[in-house]
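The structure under discussion appears below in the form of structure tokens.
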Amino acid sequence: MKGAPPPVRVPVRAGDELPPLTIEITRLLIVSGAIASRDYQDVHHDAAAAVEKGSPDIFMNILTTNGLVGRYITDHFGPRSVLRKVAIRLGAPNYPGDTMVLTGTVTHIEGDAVQVKVIGVNAIGRHVTGTVTVIVDQAADQGTGAV
Amino acid sequence: MSGERASEGGLYERLRAYEGRVAVAAGRGKDPVNEAMIRHWCEAMGDAHPGYTGPDAVAPPTMLQAWTMGGLSGHAGQHGRAGQHGRAAQHGRAGQATGSARSAAYEELTALLDGAGYTSVVATDCEQEYLRPLRVGDEITFDAVIESVSEQKTTKLGTGHFVTTRMDVRAGGELAGTHRFRILKYAPAHRKLKDKRPRPVVNRDNEGFWDGVRQHQLLIQRCAECSVLRFPWLPGCNACGAQEWDTVEARGEGTVYSYVVMHHPPFAGFTASDHAAGAAGPYAVGLIELVEGVRMVSNVVGVPADKVRIGMPVRLEFLRVDDDVELPVFRGGEG
């Protein structure tokens, strides 16, 4: 089928490693993520207020981390992939000027449901650890030629 | 373990009573699912998933919680005052920040934690399950329960209690997702203290010394029985054992009796000896012999650490090292 969307994807297997995604933690990302998630806590946009509360600077809110983890997974599995579960735990905060590298490993496959363990590491340590279940239409992604 | 709980005076039992109670009743999303908010989200996250654009868009599933947020205007009319909540209270404008749709029970739980000193809050866990996509036009409603309150826990951030809520999010009345959210309500550990000088330990035996420092007096104890001077401050005389004493104010002159130069590890609270730089660096710790005859340990300032010498004349001064602490130190003289 000409014009059908790429990519012809090899079947997903447990143990597969997703290519890492590097995210620069800018003030812009922290603030725009907080506002897009309608989180107006001052520690996510007001550095002086954050310092007053014992934090060295503003830091990323959990909703933004959640959004980035979701994006990481659907970016990899393609436009037909649908998130089913995202469970994350936060550790080392994402402060401006840092870089977070997201990595993922496929841990389990059941039918179309692929479970991926995601880890996001910054200069301080593990910002996020999580488990994502994503529905991947493997037959469709492999294209008609593969069936 | 029992000690921790005992120190809270039965707080945990009172907190636990809130498990299972309603956290949010009949919350309503402030906006129906809409293209603009989806686009703003995708722009912020850098998410170019084609399913999230256009009039037939579904919302990124991870946006689930965003649809329930009160924003700046809050969830008016739904237990309207969010100001009791720790986060909102810190903002100083009641109801402004969290826009809480929270129940009276949740507010009470929060007030209990605030009252126990656990005034700070941080989100630690978010577990979401997406049962059906949210589409442009969907009206959002939500309910939540207080699922659990943990025992007292001590984390890097400080000591407090984890509070877990579980929310059901509905679209057009139909369950669309579940959202389990865990926060830590905690009393911040004073992490910044590690960047400061250690706090002096002031007790009944030495408080007179620190009272003197506040008035820029370096006070030496003198035995009321045998008149022997002593430093540091002690409850009794080493020479005769008598417990009565009075004080003598040091003239502030002395010499370096001995010293070491501290190179490593660096501590932010201890600046270079000239105190000009704000950065940590080598500094001289002197054993200063005062003209009165007693010796005391303090910093030698005003000369580079490697220029401090035994016998160097020094003069007392008082150095404010931070907002809370002022210390007697000794300025090295020329030569």
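Owing to the predicted nature of the structure, the values given are computational and were not obtained by experimental measurement. Reminder, nothing fancy here: chain letters follow the sequence lines and each chain counts from 1.
Checked by atom type and distance alone, the side chain of A:Arg84 never pairs as donor or acceptor with a backbone atom of B:Leu131 at under 3.5 Å. For the pair B:His49 (side chain) and A:Pro79 (backbone), a donor-acceptor distance under 3.5 Å is present. The main-chain N or O of B:Gly46 is found under 3.5 Å from a side-chain atom of A:Arg71 such that the two form a donor-acceptor pair.
Of the listed residues (B:Cys126, B:Ala48, B:Gly177, B:Ala66), the one with the most heavy-atom contacts under 4.5 Å to chain A is B:Cys126. Chain A forms more heavy-atom pairs under 4.5 Å with one residue of B:Gly158, B:Pro61, B:Pro133 than with any other, namely B:Pro61.
Within the 4.5 Å cutoff, side-chain heavy atoms of A:Thr64 are placed close to those of B:Met45. By the 4.5 Å heavy-atom criterion applied to side chains, B:Tyr130 and A:Thr133 are not counted as neighbours. With a 4.5 Å cut-off on side-chain heavy atoms, A:Leu83 and B:Thr62 count as touching. Residues B:Lys30 and A:Arg38 form a side-chain contact, since some pair of their non-hydrogen atoms from C-beta on lies under 4.5 Å apart.
Among all heavy-atom pairs drawn from A:Leu90 and B:Ala123, the shortest one is CD1-O, 3.9 Å. In this structure, B:Trp41 and A:Leu63 approach most closely via the heavy-atom pair CH2-O, 3.5 Å.
The contact between B:Arg182 and chain A is made entirely by side chain atoms (from C-beta outward), counting heavy-atom distances below 4.5 Å. Both the backbone and the side chain of A:Leu68 come within contact range of chain B, each with at least one heavy atom under 4.5 Å from a heavy atom of that chain.
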Subject >> Full working for side-chain contact (heavy atoms from CB on, under 4.5 Å) between B:Gln128 and A:Asn66 >> reply: CA-CA 10 Å; B:Gln128 300 181 330; A:Asn66 207 39; 2.9 Å; yes
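Contacts between residues 18-33 of chain A and chain B, counted as heavy-atom pairs separated by less than 4.5 Å, involve A:Leu29, A:Ser32, A:Gly33. For residues 116-128 of chain A, heavy-atom neighbours of chain B at less than 4.5 Å comprise no residues at all.
Within a 6.0 Å radius of CZ in B:Arg132, other residues, nucleotides and ligands contribute more than 12 heavy atoms.
Residue A:Ser37 holds its OG atom at 9.5 Å from CE of B:Met37, rounded to the nearest 0.5 Å.
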